[in-house]
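In each ligand, atom 1 is the first atom listed, and ligand 1 is the first ligand listed. Just so it is clear, the structure is predicted and the values come from calculations on it, not from any experiment.
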Amino acid sequence: MPANSSDAVAAPATRYAKSAAAHARARALMPGGVSSPVRAFKAVDRTPVTVASGRGATVTDIDGNDYIDYVGSYGPLILGHAPEAVTAALAKAASQGTSFGMPTEAENRLAQKVIDAVPGIELVRFVNSGTEAAMSAIRLARAASGRDKIIKCVGCYHGHTDSLLVAAGSGATTLGVPSSPGVPASVTQNTVLVPYNDVDAVRAAIAAHPGEIAAVAVEPIAGNMGCIPPEPGYLQTLRDLCDETGTLLLFDEVMTGFRVGLGGAQGLYGVTPDLTCLGKIVGGGLPCAAYGASEAVMRQVAPDGPVYQAGTLSGNPLAMAAGGAVLDALAADDGAVYRDLEAAAAGLASGLEAAAESVGCPVYITRVGSMLGVFFVNKQGERVTDYAGATACHIDRYTAFFGAMLDGGVMLAPSAYETWFVSTAHDEQAIRRTLEVAQGAFAAAAKV
Ligand code: KE4
């Protein structure tokens, strides 16, 4: 549990002195001083803290400050930081070698777990990042359909591959570059944009490009413009539209896979896509992702078929071991862990609503399983169902909320366009402490 209490929190200036020095050094070495833009804290006007270690629900920075962590590495850490099952599996695997460039049985074992769990996957290919999974799945969809265009939702984020780095959420929106320079128009002319949760827009886009749409790519629960659940019937209608028009349905479950249930969002909502991307949890916190589909579709991937995709470290034994340990824990006792996560996250969500209401701060809180969103709406009662709604929120209030939570020992994503992640390590004490800090943080936000 973080050592911080309201009287123990040093003034921010001294509280973060070592992190400030480390970040100054980092900026001299790497763009923004980070390995991924959202970590730069640019959107929340703070200097990033530099982490020393993590244990359970807590991360500790190099100044010795503890934080109850809801970033969770942006999704992979459903069991919290450094769970014994994962660290032991990693130590054993590492002692036998870290990479071979040759097949291992560890890949067979994790592939079997993925296929057993995910309804839409009969064959799977491991890659090293969600971006690579999405990029490869798009290539496969185009090859399998013989069509070039892709429909994507404004605000959904599928990694930084050129064809999908258009009106992207997450760090792209956070930094104001939803459509990045350097992506040629010749690439994005094949990307058709629609609002999330708008089936009429998808229907119209398909009708406007008859026989040209290879796939509809979607986050079944949008987690990169805050956390926005699908409206009732949305996913099934996408499924029906794709069936009617010979279009492939691609679920990007990099974030939702194994997060909202062992079968991911497709298991939760009972809608099976033609292609699935996985990441984050499947690698247990190591660089690992995957894409999968029916056998008929996946046999088109090299070397069985002509669709080329490769990777030096794909299926590496360390990630296979870490991912396997996490999926074993999630599958134990018929998925009992998801019931615990549901209870903890539900308690957090209702506590946050009560804390915000008690200080008159209008918020709209969303939740699916252990992924949550907190939107600083302009009026109480407003809902957020798409990117326009998310970006119309009171972002300055998020900034104030973020800073007060950080200074109180609670780590949130440094962006209003990310999701909170609850892990099995977030016990009652952690949730209670979070809500204590949130009360003051909502009060600070309400003053903006
Ligand atoms: P990576 O290439 O970052 O492993 O995965 C890309 C990706 C694809 N699809 C979905 C639904 C995703 O959420 C992501 C990555 N998520 C962001 C956080 N929202 C990664 C954090 C970052 O960019 O540092």
Near [X], which atoms of ligand 1 are under 4.0 Å from a heavy atom of that residue?
X	result
Glu219	11 (C)
Asn224	10 (C), 11 (C), 12 (C), 13 (O), 16 (N), 17 (C), 18 (C), 19 (N)
Gly159	6 (C), 7 (C), 8 (C)
Ser36	22 (C), 23 (O), 24 (O)
Ser129	2 (O), 4 (O)
Met255	13 (O), 19 (N)

Just need the protein heavy atom nearest to [atom], so name the residue and atom and give the distance.
atom	answer
atom 10 (C) of ligand 1	Tyr157 O, 3.2 Å
atom 21 (C) of ligand 1	Tyr74 CG, 3.9 Å
atom 3 (O) of ligand 1	Thr131 OG1, 4.6 Å

Any chance the side chains of [X] and [Y] put a donor and an acceptor closer than 3.5 Å?
X	Y	value
Glu353	Ser350	no
Arg139	Gln309	no
Ser170	Tyr74	no
Gln266	Thr276	yes
Gln236	Asp240	yes

| If you measure from the Lys or Arg side-chain nitrogens to the Asp or Glu carboxylate oxygens, is any gap between Glu122 and Arg299 under 4.0 Å? |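 Result for this pair is no, no salt bridge flagged.
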| message | Does this structure show an ion pair linking Asp328 with Lys113, if we count only N-O contacts that are shorter than 4.0 Å? | response |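 Result for this pair is yes, salt bridge flagged.
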| In terms of heavy-atom contacts, does NE2 of His394 have more than 12 from other residues, nucleotides or ligands at under 6.0 Å? |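 Result for NE2/His394: enclosed.
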| said: Atom CZ of residue position Phe100 - does it have more than 12 heavy atoms of other residues, nucleotides or ligands inside 6.0 Å? | reply: yes
For ligand 1, the portion of [X] having any non-hydrogen atom under 4.0 Å away:
X	answer
Val38	side chain
Glu418	side chain
His158	backbone

| said: Please state which option from Arg39, Lys280, Met135, Glu132 has its nearest heavy atom closest to atom 20 (C) of ligand 1. | reply: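 Closest candidate by heavy-atom distance is Lys280.
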| field | Phe126 side chain near Leu110 side chain, heavy-atom distance below 4.5 Å | value | yes
| query | For atom 13 (O) of ligand 1, is the nearest protein heavy atom under 4.0 Å away? | reply |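 It does; a protein heavy atom is within 4.0 Å.
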| task | Ignoring angles and geometry beyond distance, decide whether Gly130 reaches within less than 3.5 Å of ligand 1 through its nitrogen or oxygen atoms. | result | yes
| Geometric N/O contact Asp252 with ligand 1, under 3.5 angstrom | yes
